Trainee: 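Okay, handing you the structure first.
Note that the structure is a prediction, hence the values are computed from the model and not measured. As the structure lists them, so they are numbered: ligands from 1, and atoms in each ligand from 1.
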Amino acid sequence: MKVLCYGSLNLDHIYNVLEFIRPGETLQALSVEQHCGGKGFNQAVAAAKAGLPVYLAGCIGPDGGIFREICRTVGVDDTYLHEENLPTGSAVIQVNQRGENCILLYGGANQAVTEEQIEQTLGNFQPGDVLIAQNEISQLPKLLSCAEKRGLRIAWNPSPMNEKITPDMLSSVNWLFVNEVEAEQLCGSNQPEICLDRLSALCPKGAVILTLGSAGSCYAGPEGHFFQPAFSVQAVDTTAAGDTFTGYFLASILKDGVPQSALELASKASALAVTRKGAYDSIPWKREVDRTALN
Ligand code: RIB
């Protein structure tokens with residue numbers, strides 16, 4: 001079985017602020033840092049740090065060489081990464097004193113993914129292999145339909161949610177990862193149990209994994225419904241917490257098929273990620289997750 005994460009790579013400019021800036025305001029940041037991120041990159045790194053061999057596909061610009069270097073360091077295969085004559089995607093991220101963030105994205109090379117690239121890349125994968133996707137690249141409907149046609153199992157985190165995501169796109173998904181805001185946008189309820197039922201009906205082939213921040217996470221799939229309380233930590237930066245959860249959950253479920261242990265491991269890894277600043281670099285290695293005791 002091969003695992004392909006097809007998604008975005010962003011240069012993240014992270015501004016630490018007391019409070020988020022408001023319209024018309026000029027605000028001094030407390031500090032600024034540059035990190036590598038993007039939901040596709042972060043999820044591939046999380047899966048690799050959790051011990052899953054993973055390929056990363058997507059587009060960077062001439063300024064994106066650092067992503068290849070990091071892929072080599074963390075063990076992500078970058079064979080299917082294309083270089084385009086456009087700037088690498090970027091994000092301006094404000095992180096406030098409570099560790100919450102807000103993100104302004106510039107798609108750049110992430111929006112240069114073509115149907116041909118998708119066909120060519122997926123041509124190297126077989127029925128039963130796994131695609132991990134998000135919503136920060138061009139040609140997403142093509143990516144999902146091509147993966148379905150080739151018999152790949154699809155893990156989809158339709159984030160950031162926008163008008164391009166429609167409920168009918170869930171029909172081919174094997175693992176759907178959403179937070180409470182995304183779930184409400186997709187199914188019109190803010191009640192976790194109702195969301196799980198409605199989303200499960202929309203994804204008849206698969207399982208729904210709903211993350212609720214500090215309220216925990218839930219799983220609804222053929223094995224049943226399970227709840228995992230969140231581990232209690234002091235959050236300094238929630239950037240990439242959801243990506244850490246997705247990568248770790250998949251690494252665990254693909255290894256032993258047990259949703260309860262996948263939820264627990266993913267919750268612990270993402271709890272550790274929010275105690276650190278940054279994007280991909282806040283994602284812990286499996287050995288750190290294993291040796292850290294959290295309540
Ligand atoms: O999920 C966090 C990521 O969202 C950041 O790294 C940023 O690049 C945006 O894609």
Trainee: Please say whether Gly38 places an N or O atom under 3.5 Å from an N or O atom belonging to ligand 1.
Mentor: yes
Trainee: Starting from atom 4 (O) of ligand 1, find the nearest protein heavy-atom neighbour and note its residue, name and distance.
Mentor: Lys39 NZ, 3.2 Å
Trainee: Can you spot which of Asp77, Asp63, Asp78 makes a salt bridge (Lys or Arg N to Asp or Glu O under 4.0 Å) with Arg68?
Mentor: Asp78
Trainee: Taking the side chain from Arg198 and the backbone from Cys187, do they hold a donor-acceptor pair closer than 3.5 Å?
Mentor: yes
Trainee: Between ligand 1 and Gly242, can you find any atom pair, the residue atom being a heavy atom, that is separated by under 4.0 Å?
Mentor: no
Trainee: Any nitrogen or oxygen of Thr239, main chain or side chain, under 3.5 Å from a nitrogen or oxygen of ligand 1?
Mentor: no
Trainee: Tell me if a side-chain donor or acceptor on Ser189 pairs with a main-chain N or O of Gln191 at a distance below 3.5 Å.
Mentor: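 Yes; at least one donor-acceptor contact below 3.5 Å.
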Trainee: Has the side chain of Lys268 got a donor or acceptor atom that lies under 3.5 Å from a matching backbone atom of Val289?
Mentor: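 Flag set: sc Lys268 to bb Val289 pair under 3.5 Å.
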Trainee: List the closest protein heavy-atom neighbour of atom 8 (O) of ligand 1: residue, atom name, distance to the nearest 0.1 Å.
Mentor: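 For this ligand atom, the closest protein heavy atom is Asp12 OD1, 2.6 Å.
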Trainee: Taking only heavy atoms of Ala240 into account, list the atoms of ligand 1 that are under 4.0 Å away from them.
Mentor: 2 (C)
Trainee: Please state which part of Ala279 comes within less than 4.0 Å of ligand 1, counting heavy atoms only: side chain, backbone, both or neither.
Mentor: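 The answer is the side chain of Ala279.
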Trainee: Output the list of atoms in ligand 1 that are nearer than 4.0 Å to some heavy atom of Ile103, sorted by atom number.
Mentor: 4 (O)
Trainee: Nearest to atom 3 (C) of ligand 1, what protein heavy atom do you find, and at what distance?
Mentor: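 The closest one turns out to be Asn42 ND2, 3.7 Å.
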Trainee: Relative to each other, are the rings of Phe249 and Tyr219 parallel, tilted or perpendicular (30° and 60° limits)?
Mentor: parallel
Trainee: Is ligand 1 under 4.0 Å from a heavy atom in the side chain of Glu136, in the backbone, in both, or in neither?
Mentor: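 Only the side chain of Glu136 comes within reach of ligand 1.
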Trainee: Please check this pair: side chain of Ser138 against backbone of Val113, looking for a donor-acceptor N/O pair closer than 3.5 Å.
Mentor: yes
Trainee: For ligand 1, which atoms, with element, lie under 4.0 Å from some heavy atom of Asn10?
Mentor: 7 (C), 8 (O), 9 (C), 10 (O)
Trainee: Is a side-chain N or O of Asn110 found less than 3.5 angstrom from the main chain of Gly107, in a donor-acceptor match?
Mentor: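 Indeed, once roles are kept as given, a pair shorter than 3.5 Å links the two residues.
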Trainee: How far is atom 2 (C) of ligand 1 from its nearest protein heavy atom, and which residue and atom name does that atom have?
Mentor: Asp243 OD2, 3.4 Å
Trainee: So, does Ser8 sit close enough to ligand 1 that a heavy atom of it is under 4.0 Å from the ligand?
Mentor: no
Trainee: Between Asp237 (side chain) and Thr239 (backbone), is there a donor-acceptor pair under 3.5 Å?
Mentor: yes
Trainee: Looking at Gln117, is its backbone amide N or carbonyl O close enough to the side chain of Thr114 to form a donor-acceptor pair, meaning the two atoms are under 3.5 Å apart?
Mentor: yes
